[in-house]
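Source: prediction; values computed, not measured. Computed over heavy atoms, backbone and side chain alike; hydrogens, waters and symmetry mates excluded. Position 1 is the first residue of the sequence, and the numbers go up from there.
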Amino acid sequence: MKRILLPAGGAILATGMLAAGLAGTANANPDWAFDTMAKDAPAAVDVANFWLEVNDKTNRLAQATPYTWETKATPTMSVGGGYTPDGKPGTVAPIGEEKKTAAKIKNINLPKTIGKVFFVDADKNLKWCSGTSIQSKYRNLVSTAGHCVYDEGKNASVADNWVFVPAYYQGKTPYGIFVGKTAYTHYDFSVFEDKDKDYAFVTVYNGVQIGGGNGREVTRKEFADYTGTGTKIVQEKAITEAEYKAGYEKYGADGPFKSKALDPKVETVAKPADADNLAAVEKYIVGEGKEAGVKLIGVEVTKSEYLAAASVKDQFGNGAQYQRESKVIPISQEEYKQLLVDKSNGKFFGELLEVKDGNTVTGWTKQSFYLKKWVKSTVATKYWVEVYYIVDGFIKDTGALGDNVGGQGFTWNQKTGQTVFAFGYPADAHPDGNKAYTGVTPKWTYGKTSGKVYVSAADKVEEHVGLKSSFTPGADGGPWLVKYSNAKRLGYVNGVTSLFGDQDKNNRYDLITSPYFDGETAAIYNKAAAVWSGSIVKK
């Protein structure tokens with residue numbers, strides 16, 4: 001999928017992954033398609049282990065970043081008429097509300113059902129989107145965006161190691177980690193990259209958590225060969241140079257070393273540059289004394305000092321202009337204001353400019369100025385050993401998703417202009433560099449959906465619903481809920497965040513869009529909502 005910045009009057013910015021075709025199956029009347037994720041319990045255990053394995057003191061969940069996509073394309077876009085439902089409106093009640101009426105909204109409490117969707121993209125990066133638990137027969141269904149499930153870079157194969165973590169917070173899984181079993185989407189999305197069908201429903205296995213049991217230390221070979229249901233943990237332990245040399249010489253790479261797991265490591269780390277003995281540095285520059293370690297640094301100066309340095313003939317010598325570092329950089333208005341204060345206090349030496357279109361300020365830039373300086377650099381060496389553990393008794397079944405956090409209702413063929421609450425984990429910066437959200441905690445935004453249709457031929461968008469919002473990427477796949485009850489934290493999914501836009505061309509997101517949920521969406525939902533998944537824990 002592309003990220004596309006479009007002009008005012010109907011601009012949207014797309015983000016995420018798209019499918020170009022599925023390895024799964026489509027029915028004879030091609031409205032829906034599906035693909036298998038973790039095919040069975042052992043495969044699901046591997047996926048859970050992958051995300052919960054601790055490395056560098058955190059698990060992979062905490063190391064993931066929001067999925068984004070970049071492009072330079074800027075096609076035009078138009079805003080058209082209204083929507084034509086393809087049948088009668090329909091509704092499926094949330095879990096626990098099957099025979100009740102939703103209460104009126106007074107204040108906003110975040111629903112327990114929302115969380116992060118984690119996966120590995122085509123470049124092997126750890127990524128995430130947003131999603132929600134939704135009503136289904138076996139209480140095992142997640143609603144998200146299609147581009148958060150299918151990977152265009154892999155020819156539409158389902159994203160690797162796909163999981164859902166409700167109420168996710170900084171690597172923690174309070175209700176468990178729910179491994180994806182089967183993904184359902186519209187056939188046109190999977191085959192033709194039709195963004196009007198950018199939604200998906202994923203059945204998930206019962207949740208799992210680290211259950212108990214003690215970690216046992218093993219050798220590196222035992223660690224690599226282990227195929228059980230325990231979790232695998234790697235920890236670093238500092239050792240001395242003598243311990244490193246003695247252990248490696250005595251045991252080799254796979255033998256025991258104090259603890260049972262030897263994988264000694266050595267790394268050369270540069271210390272802070274030392275400006276002493278500059279004579280040795282200067283010899284290095286002219287080709288002498290190359291055994292001396294040196295480091296090129298940039299020393300910040302005023303613009304006048306930088307311009308005066310143009311007379312330095314030796315472009316590699318001390319005091320020459322450092323042109324690579326002295327560049328004009330776009331900044332946000334907030335940073336511009338702060339740097340004005342820093343400049344008046346003598347903490348910033350550079351130049352600040354307002355970018356104008358006529359009399360209108362359209363942006364801000366900064367430029368710092370640097371001169372080259374060569375300094376002597378010393379190095380230090382650290383040694384450590386990787387210690388390997390297997391934690392037995394890892395897999396603990398936490399039950400079905402809906403039994404843990406409930407599930408939102410589902411509705412389709414609804415009129416636009418209704419009040420909608422959109423939830424998600426926005427994280428990326430606005431195009432101007434301002435980072436309003438962190439993605440650490442879920443956020444909400446609300447308003448009435450536009451009765452207009454957002455259209456972009458280049459984006460293959462002909463029927464998207466728009467909602468004014470400052471949400472940024474990271475909120476992809478988050479639910480749009482109508483008739484949301486604050487007291488019950490339940491509503492009805494009537495869309496998912498698909499695209500992001502800048503309507504007034506000020507380099508700040510002010511629009512999110514969703515595919516229109518119609519009878520075809522309901523047919524795909526009904527297929528997914530009737531599929532059983534079960535537990536991955538041996539009873």
**Prompt:** When you look at Tyr169 and Val440, which way does the side-chain contact (heavy atoms from CB on, under 4.5 Å) test go after all the steps?
**Reply:** CA-CA 6 Å; Tyr169 180 73; Val440 174; 3.4 Å; yes

To the nearest 0.5 Å, atom CH2 of Trp412 lies from atom CG of Asn526 at 6.0 Å

- Message: Before you tell me yes or no, could you show the steps for Leu401 and Leu141 under side-chain contact (heavy atoms from CB on, under 4.5 Å), namely the whole-Å CA-CA distance, both residues' side-chain angles and the distance that decides it to 0.1 Å?
- Response: CA-CA 7 Å; Leu401 175 61; Leu141 195 62; over 6 Å; no

Is the backbone N or O of Val496 less than 3.5 Å from a side-chain atom of Ser514, with the two atoms forming a donor-acceptor pair by type?
yes

Point to revise | Test log, rule side-chain contact (heavy atoms from CB on, under 4.5 Å), inputs Phe517 and Thr411 | key: CA-CA 8 Å; Phe517 277 19; Thr411 187; over 6 Å; no

Note to self: Donor-acceptor pair, distance only, cut-off 3.5 Å: does the side chain of Gln418 make one with the backbone of Thr449?
What the structure shows: no

Would you say the side chain of Asn125 lies within less than 4.5 Å of the side chain of Thr65, judging by non-hydrogen atoms?
no

Ring geometry between His430 and Tyr509 (parallel below 30°, tilted from 30 to 60°, perpendicular above 60°)
tilted

- Query: Does Thr132 reach the side chain of Phe423, with side-chain heavy atoms less than 4.5 Å apart?
  - Reply: no

All heavy atoms of Asn486 vs all of Asn109, minimum pair found to be OD1-N, 2.7 Å

Distance col, row Ile114:CD1 vs Arg489:CZ, nearest 0.5 angstrom, shows 10.0 Å

Any donor and acceptor pair, going by atom type alone, linking the side chain of Asn494 with main-chain N or O of Trp480 inside 3.5 Å? no

Heavy atoms of Gly417 and Lys448 approach each other most closely as O-CD, 3.4 Å

Worksheet item: Take atom NZ in Lys415; do more than 12 heavy atoms of anything else shown fall under 6.0 Å from it?
Response: no

Closer than 3.5 angstrom, by distance alone: can the side chain of Trp51 be matched with the main-chain N or O of Asn161 as a donor-acceptor pair? yes

Any donor-acceptor N or O pair under 3.5 Å, side chains His147, Asp476 = yes

* Asked: Should Pro515 and His464 count as side-chain neighbours, where that means a heavy-atom distance under 4.5 Å?
  -> yes

Sorted by chain and residue number, the side chain to side chain donor-acceptor pair (under 3.5 Å) partners of Thr445 (sequence neighbours excluded) come out as Ser469

| field | Arg60 side chain reached by Phe118 side chain, heavy atoms, under 4.5 Å | value | no

Here the pair of heavy atoms bringing Gly424 nearest to Ser130 is CA-OG, 3.6 Å

TODO: Check whether any side-chain heavy atom of Phe119 lies under 4.5 Å from a side-chain heavy atom of Cys129, and answer yes or no.
DONE: yes

Under 3.5 Å donor-acceptor, Asp198 side chain and Gly146 backbone: yes

Worksheet item: Is a side-chain N or O of Arg139 found less than 3.5 angstrom from the main chain of Gly407, in a donor-acceptor match?
Response: no

| request: Please work out whether the ring planes of Trp444 and Tyr446 are parallel, tilted or perpendicular, with thresholds of 30° and 60°. | output: tilted

#### Entry: Val179 side chain near Met37 side chain, heavy-atom distance below 4.5 Å
no

Closest non-hydrogen atoms of Phe421 and Thr419, given as atom of the first, atom of the second and distance, are CE1-CG2, 3.9 Å

Between Ser450 and Thr416, the two heavy atoms sitting closest are O-CB, 3.6 Å

Contact check, side chains of Leu467 and Leu511, non-hydrogen atoms, under 4.5 Å:
no

Residues at least two apart in sequence or cross-chain that pass salt bridge (Lys or Arg N to Asp or Glu O under 4.0 Å) with Lys197, listed by chain then number, are Asp518, Glu520

Check your understanding: Should the pair Trp128 and Tyr425 be assigned to parallel (<30°), tilted (30 to 60°) or perpendicular (>60°) ring geometry?
Key -> perpendicular

- Message: So does Gly131 get a backbone contact from the side chain of Thr144, meaning a donor-acceptor N/O pair under 3.5 Å?
- Response: no

Rounding to 0.5 Å, atoms CG (Asn206) and CG (Asn140) come to a distance of 8.0 Å

dist Ser133:OG -> Phe164:CZ (nearest 0.5 Å) comes out at 6.5 Å

So CG of Asn59 and NZ of Lys172: to nearest 0.5 Å the spacing works out to 9.0 Å

Discussion item. Quick check against the 3.5 Å criterion: does Ser485 have a side-chain atom that pairs as donor or acceptor with the backbone of Lys488?
Written reply: yes

Any donor-acceptor pair under 3.5 Å from Thr472 side chain to Ala427 backbone | yes

Exercise. Please test Thr398 against Phe178 for side-chain contact (heavy atoms from CB on, under 4.5 Å), starting from the C-alpha separation and ending with a verdict.
Key: CA-CA 9 Å; Thr398 64; Phe178 295 81; 4.1 Å; yes

Open item on the list: Do Lys443 and Phe471 make a side-chain contact, defined as non-hydrogen atoms from C-beta onward lying under 4.5 Å apart?
Closed with: yes

One should read off an interatomic distance between Asp160 CG and Leu126 CG, to the nearest 0.5 angstrom, of 11.0 Å

Check: Checking Gln414 side chain against Tyr516 main chain: does a donor-acceptor pair fall under 3.5 Å?
Finding: no

Report task. Consider only side-chain N and O atoms of Ser470 and Tyr437, and report whether a donor and an acceptor are under 3.5 Å apart. Result -> yes

In short, Ile134 meets Gln408 closest at the heavy-atom pair CG1-O, 3.3 Å

Residues passing the side chain to side chain donor-acceptor pair (under 3.5 Å) test with Tyr199, sequence neighbours excluded, are Thr521

